[in-house]
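Please read these numbers as outputs of a predicted model, since none were measured by experiment. In what follows, every chain begins at residue 1, and chains take the letters A, B, ... in the order their sequences are listed.
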Number of protein chains: 2
Amino acid sequence: MQSEQPTQSNEKFPELDNNNQVEIHYCTQCRWMLRATWMAQELLTTFDGEITTLSLRPGTGGIFEVKVNDQKIWSRKEKGRFPEITELKQLVRDEIAPEKDLGHSDRKG
Amino acid sequence: MQSEQPTQSNEKFPELDNNNQVEIHYCTQCRWMLRATWMAQELLTTFDGEITTLSLRPGTGGIFEVKVNDQKIWSRKEKGRFPEITELKQLVRDEIAPEKDLGHSDRKG
């Protein structure tokens, strides 16, 4: 799925032929910055070469939302909870690298 | 200094009346992700309410650059080293909150 945001140039990094934008929007009042940056590290590690930019966006009012290419894949207010990290990776994977195998935690039974 | 990027809506967060974009562009081959995310955490903590979005941008080829509102404030290739964290905060401060006092490490003598 392509973003409707302006395309960032990857001219210096031709191996990054994708343009996948991930955003984590978190509440600073709730002190969720460390949680957000931990998830950022997990996603950047797992999707090495598949994420163009991961944006951390401080907010307020209990927000915790994750977007991939402007698609909201998680809202704490809607779901009533934070995502498990394996669950979050599956949701990101479905948007940016649907063929990717996430390993043992990704398989059933 | 204002960004020339499209303005993100802060309608949900009227207290964020600024639009300050910070980008850390780092080399994954050099394994600088943890360094980049540590600096991100430091900046988001110090500039609470003053940074709209902090973007982590994976790259290659030894890149380590920091931009504030599209102004490059650090390039490892140009400087020959990484910034000290206090130095980095001063450079960010000069762009987005020039009146801000960064505390004891910001004073001379």
Inset, instruction - Answer yes or no: are there more than 12 heavy-atom neighbours, outside Arg31(A) itself, under 6.0 Å from its atom CZ? - result: no
Legend entry - Between CG on residue Leu44(A) and CE on residue Met33(B), distance to nearest 0.5 Å: 6.0 Å
Inset, instruction - Calculate, to the nearest 0.5 Å, the distance between atoms CD1 and OG1 belonging to Ile24(B) and Thr53(A) respectively. - result: 12.5 Å
Inset, instruction - Measure Tyr26(B) against the heavy atoms of chain A and call it side chain, backbone, both or neither at under 4.5 Å. - result: side chain
Legend entry - Atom of Pro58(A), atom of Thr52(B) and distance for their closest heavy-atom approach: CD-O, 3.3 Å
Legend entry - Side chains of Leu56(A) and Leu56(B) in contact at under 4.5 Å (non-hydrogen atoms): yes
Inset, instruction - Starting at CD1 of Ile51(B), measure out to CZ of Arg57(A) and round the result to the nearest 0.5 Å. - result: 14.0 Å
Legend entry - Polar contact flag, side-chain donor to acceptor under 3.5 angstrom, Ser55(B)-Ser55(A): yes
